[in-house]
Asker: 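I'd like to ask you about the structure that follows.
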There are 2 protein chains.
Amino acid sequence: MDCVVFGYDDGDLKVMLIQRKLKPFKGNWALPGGSVRLDETLDEAARRELVEESGLNNVYLEQLYTVGDIKRDPRERVVTVAYYALVKLVGHNVQASTDAENAAWFSVNDVPKLAFDHQRILDKAFERLKGKVRYEPIGFELLPGKFALSELQHLYEVCLEEKLDKRNFRKKILGMGLLIGTGEIQKDVAHRAARLYRFDMKKYRQIKKRGFSFWL
Amino acid sequence: MDCVVFGYDDGDLKVMLIQRKLKPFKGNWALPGGSVRLDETLDEAARRELVEESGLNNVYLEQLYTVGDIKRDPRERVVTVAYYALVKLVGHNVQASTDAENAAWFSVNDVPKLAFDHQRILDKAFERLKGKVRYEPIGFELLPGKFALSELQHLYEVCLEEKLDKRNFRKKILGMGLLIGTGEIQKDVAHRAARLYRFDMKKYRQIKKRGFSFWL
DNA sequence: TATCTTTGTGTAATATAAACACAAAGAAGT
DNA sequence: ACTTCTTTGTGTTTATATTACACAAAGATA
């Protein structure tokens with residue numbers, strides 16, 4: 001079980017990596033992961049690992065795919081189920097390192113050489129995120145509960161690797177009626193403060209049942 | 001490893017099932033599947049199973065997801081990687097049964113009670129097919145090499161579970177420039193014979209690289 | 001020759017997406 | 001107090017894509 005943990009911080013999409021302390025690829029950076037216990041489902045295992053390695057609870061988690069190439073682990077044949085997670089870095093004050101393991105966040109576009117086939121898994125996870133962020137409102141999982149529209153737009157630009165038009169973006173996202181103005185505004189910014197919104201997940205789930213589809 | 005094998009025949013989307021000869025769920029219908037050997041990748045295992053159980057070679061095959069619920073097999077904890085396959089039933093004259101196993105094709109909308117959690121897997125596979133058929137040209141994997149536009153449209157209607165407008169469908173699919181008229185027409189039909197087309201996979205792969213995206 | 005089913009074709013109306021610029025808020029510096 | 005700077009917030013026009021819709025002719029059958 002391996003997990004690609006994405007976070008968004010400082011206007012940049014990050015991924016959490018840990019430095020291996022054990023033999024194959026010792027010292028290399030790798031995706032956090034572990035073994036699935038006999039008394040837990042795959043999803044439970046992924047969630048447990050996430051708590052153990054990052055202290056993060058209650059995050060968006062989704063199965064990615066399963067890799068079973070014969071030589072992916074030099075020692076023996078290892079099949080791994082890969083997951084990816086989206087976590088709210090800002091404000092959550094994540095301790096990236098637990099267990100005395102060396103863990104850190106890297107920009108997805110500037111990742112060191114990874115152990116095993118973890119780069120391939122990371123690529124696949126990013127691709128999935130890129131595809132899914134358009135038709136499911138998962139981008140919000142990476143932002144704090146309250147955010148400015150410009151932050152949301154920038155997140156989308158990073159995930160999609162493409163520039164978006166400000167007015168069209170706002171028209172579309174506000175037109176869906178899923179953002180609620182909190183009445184609050186940004187603080188401690190060196191320019192005009194933007195209004196803060198939150199995503200109305202409850203409403204989304206309701207209208208989704210009635211055939212609404214998110215699209216950006 | 002389990003595999004959801006879809007076929008399209010008689011204007012209907014079918015799925016291949018085998019009747020279990022062994023203990024848990026003996027006599028019940030189930031998805032074809034088997035164990036992954038130590039010297040083969042997951043994809044190879046799926047392909048091998050497919051040949052063994054249906055004689056089918058060279059089919060579209062894709063990993064679906066991995067299920068690891070604790071009690072899905074009453075005997076012990078079994079994790080299975082589910083695949084789905086799209087096969088050209090018409091003309092290929094598939095022997096659905098090999099191995100003295102009892103195998104048969106069922107309409108996806110009229111499936112008997114399945115062993116294990118196979119109904120869930122089937123549902124998930126159908127959902128994936130439904131989603132993917134719109135943005136990847138995988139529908140053609142279910143049709144014979146040469147087909148009439150009305151057949152293609154009907155296949156899409158079955159996969160998407162929605163009626164399509166004939167003129168708009170033809171406009172769009174022909175407009176992509178990926179169908180080649182073979183010059184041939186239908187034979188042995190009790191009405192005006194339709195022109196036959198084939199899908200230009202080579203061209204698709206080329207223009208896909210240049211950013212073209214299939215959409216229906 | 002009449003009947004039946006299915007093919008093959010175009011246009012107008014509507015909806016969606018894309019392109020585009022500027023005034024005002026508010027913090028920082030002078 | 002004033003100027004400068006960065007960022008917010010807002011509509012309209014144009015182009016493109018999607019939807020809705022009907023009928024003549026092909027060819028098999030009786």
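Proteins get letters first, then strands, A, B, ... in listed order; numbering begins at 1 in each. Here the structure is a predicted model, which means the values were calculated and not measured.
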Asker: Which residues within residues 182-192 of chain A lie with some heavy atom under 4.0 Å of an atom in DNA chain C?
Answerer: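 DNA chain C contact set from residues 182-192 of chain A: A/Val189, A/Ala190, A/His191, A/Arg192.
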
Asker: Find the distance between CG (A/Leu56) and CZ (A/Arg47) and round it off to the nearest 0.5 Å.
Answerer: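 Rounded to the nearest 0.5 Å, the CG-CZ separation comes to 11.5 Å.
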
Asker: So which one's nearest nucleotide on DNA chain C is more toward 5', B/Tyr197 or A/Ala193?
Answerer: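 Checking each residue's closest nucleotide, the 5'-ward one belongs to B/Tyr197.
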
Asker: Would you say the side chain of A/Val111 lies within less than 4.5 Å of the side chain of A/Trp29, judging by non-hydrogen atoms?
Answerer: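 Sidechains of A/Val111 and A/Trp29: no contact.
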
Asker: If only side-chain N and O atoms count, and only distance matters, is there a donor-acceptor pair under 3.5 Å linking A/Gln63 with A/Tyr65?
Answerer: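 There is no such pair between these side chains.
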
Asker: Report the residues that fulfil side chain to side chain donor-acceptor pair (under 3.5 Å) with B/Asp43, sequence neighbours left out, ordered by chain and then residue number.
Answerer: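 For B/Asp43 the side chain to side chain donor-acceptor pair (under 3.5 Å) partners, ignoring immediate neighbours, are B/Tyr83.
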
Asker: Determine, for nucleotides 15-20 of chain C in 5'-to-3' order, which nucleotides have protein heavy atoms under 4.0 Å from the base (write B), from only the sugar-phosphate (write S), or from neither (write -).
Answerer: --SBBB

Asker: Nearest 0.5 Å, what's the CG-CZ distance between A/Leu64 and A/Arg128?
Answerer: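 Going from the CG atom of A/Leu64 to the CZ atom of A/Arg128 covers 5.0 Å.
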
Asker: I'd like to know if the side chain of A/Thr80 reaches the main chain of A/Met1, judged simply by a donor and an acceptor atom lying under 3.5 Å from each other, with no hydrogens or angles considered.
Answerer: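 Flag set: sc A/Thr80 to bb A/Met1 pair under 3.5 Å.
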
Asker: With no hydrogens and no angle check, do the side chains of A/Tyr204 and A/Glu136 hold a donor and an acceptor under 3.5 Å apart?
Answerer: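 Indeed, the side chains of A/Tyr204 and A/Glu136 share at least one donor-acceptor pair under 3.5 Å.
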
Asker: In residues 183-199 of chain B, what donor-acceptor pairs under 3.5 Å come from side-chain atoms, sequence neighbours left out?
Answerer:
| from | atom 1 | to | atom 2 | distance (Å) |
| --- | --- | --- | --- | --- |
| B/Glu184 | OE1 | B/Lys146 | NZ | 3.4 |
| B/Glu184 | OE2 | B/Lys146 | NZ | 2.6 |
| B/Gln186 | OE1 | B/Ala194 | N | 3.1 |

Asker: Return the CG to CG distance between A/Leu216 and A/Leu160, rounded to the nearest 0.5 Å.
Answerer: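 The distance works out to 8.0 Å.
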
Asker: Could you tell me the separation between the CG atom of A/Leu149 and the C1' atom of C/dA25, rounded to a whole number of Å?
Answerer: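 Interatomic distance, CG of A/Leu149 to C1' of C/dA25: 16 Å.
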
Asker: Kindly write out the residues that satisfy ring pair (Phe, Tyr, Trp, His ring centres under 6.0 Å) with B/Phe147, not counting sequence neighbours, or none if the list is empty.
Answerer: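 B/Phe147: ring pair (Phe, Tyr, Trp, His ring centres under 6.0 Å) contacts with B/Phe140.
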
Asker: For B/Arg170, which contact category applies under a 4.0 Å heavy-atom criterion: base, sugar-phosphate, or nothing?
Answerer: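 Result for B/Arg170 = base.
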
Asker: What range of DNA chain D does chain A touch, first nucleotide to last, counting atoms under 4.0 Å from its heavy atoms?
Answerer: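 For DNA chain D, the relevant span reads D/dT6 to D/dT12.
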
